[in-house]
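Note: hydrogens, waters and symmetry copies are ignored here, and every other heavy atom, side chains too, is used.
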Amino acid sequence: EYPFSTPLPVPGMWPHEDVQIELVDTPPLAAGHVPGALMGTVRAADVVCVVVDASGEALEQAEEVLGVLAERGVTLRSTPHAELDPHDSSQHVGLIVANKVDAAPMENVTALRELYAERLEVRPASAATGEGLEALRQRLWELLSVIRVYTKQPGKPADHDKPFILPAGATVDDLAHEIHRELPQKMKYARIWGRGHFDGQQIYRAETLHDRDVVEIHQ
């Protein structure tokens, strides 16, 4: 609720359907105030949310934080991971969260959107009332650009409790390596239940997987 009230990173878990995603509330960034090791946390994050106070000087806050990041070689874009240039280490997935919209005129959010329309999304939200949080969570999931793949053993039901989390565009070979590093060499073929396939259809290691596919690997 108040500036500089978070002295250390505070992690928390966000359950998204059958996946646990870690959120980290960090100490604030400002010109002349960059806590030690914080940039390492930012660079390691899959998505960076710049949270500003929509009821206050939101434009100034956003510009200041983005300026601090840019000075340290971090540029945010509201683009899913799969669409970023893999050869540009300065680009990171991110967006602006305009918090406290319950106490702010909508013109403040509109001004932010107009300023950053070319590269950053602005998501209005209220931690106090919950307004906009569900839409924010859904967009964060999309920006992560990952898929859930379930596995099963022959003749047994699929394990829907613990999906493997893979980058969008991952293949059967990628899944096999995630299960065990030696499995890709031992795998002969796989069967799949999912979008665009007949149930139990035989596929091979180069087949691209989709969210919520069920795969049965045969050695």
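Here I217 contributes atom CD1 and I179 contributes atom CD1; the two are 4.0 Å apart, rounded to the nearest 0.5 Å. In this structure, I96 CD1 and S78 OG are separated by 7.5 Å, a value rounded to the nearest 0.5 Å. For the atom pair CD (Q91) and CZ (R119), the distance works out to 10.5 Å, reported to the nearest 0.5 Å. Once rounded to the nearest 0.5 Å, the distance linking CZ of R72 with CE of M39 reads 6.5 Å. Expressed to the nearest 0.5 Å, how far CG of L209 lies from CD1 of I203 amounts to 6.0 Å. Atom CG of L76 and atom SG of C49 lie 9.5 Å apart (nearest 0.5 Å).
At least one donor-acceptor pair under 3.5 Å links the side chain of R205 to the backbone N or O of M187. At distances below 3.5 Å, at least one donor-acceptor pair connects side-chain atoms of E64 with backbone N or O atoms of A31.
Screening V93, I21, L95, D46 for a side chain to side chain contact (heavy atoms under 4.5 Å, CB included) with L140, the sole residue that qualifies is L95.
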For Y150 and E216, run side-chain hydrogen bond (donor to acceptor under 3.5 Å, both in side chains): C-alpha distance rounded to whole Å, both residues' side-chain angles, the deciding distance at 0.1 Å, then the answer.
CA-CA 9 Å; Y150 308 93; E216 179 182 278; over 6 Å; no
Could you go through L38 and L29, starting from their C-alpha distance and side-chain angles, then the distance that decides it, and tell me whether this counts as side-chain contact (heavy atoms from CB on, under 4.5 Å)?
CA-CA 9 Å; L38 183 54; L29 277 177; 3.7 Å; yes
Would V109 and V122 count as a side-chain contact (heavy atoms from CB on, under 4.5 Å) here? Give the steps.
CA-CA 7 Å; V109 176; V122 177; 4.2 Å; yes
Given D18 and R148, is the salt bridge (charged side-chain N to carboxylate O under 4.0 Å, His left out) satisfied, shown in steps?
CA-CA 9 Å; D18 52 1; R148 292 159 288 185; 3.1 Å; yes
Between D213 and D211, is the side-chain contact (heavy atoms from CB on, under 4.5 Å) condition met? List the steps.
CA-CA 6 Å; D213 278 349; D211 192 36; over 6 Å; no
Full working for side-chain contact (heavy atoms from CB on, under 4.5 Å) between L120 and L66:
CA-CA 11 Å; L120 279 177; L66 293 172; 3.8 Å; yes
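Judged as a side chain to side chain donor-acceptor pair (under 3.5 Å), the pairs with a partner in residues 174-187 (not counting sequence neighbours) are, in order, T171-D174. Applying the side chain to side chain donor-acceptor pair (under 3.5 Å) definition to pairs two or more places apart or across chains, those involving residues 130-140 are E121-R139, E134-R137, R139-E142. Listed by first then second residue, pairs satisfying side chain to side chain donor-acceptor pair (under 3.5 Å) with a partner in residues 104-115 number zero, not counting sequence neighbours.
For R191, the side-chain hydrogen bond (donor to acceptor under 3.5 Å, both in side chains) test picks out no residue, with sequence neighbours left out. Not a single ring-ring contact (aromatic ring centres under 6.0 Å, His included) links Y204 to another residue, sequence neighbours left out. Residues satisfying the side-chain hydrogen bond (donor to acceptor under 3.5 Å, both in side chains) criterion with S126, sequence neighbours excluded, are D102, T129.
The closest side-chain donor-acceptor pair between Y189 and Q219, if any, does not fall under 3.5 angstrom. Of the N and O atoms on the side chains of E83 and H81, not one donor lies less than 3.5 Å from an acceptor on the other residue.
Look at K152 and D159 and you find no salt bridge, because none of the NZ, NE, NH1 or NH2 atoms lies under 4.0 Å from a carboxylate O.
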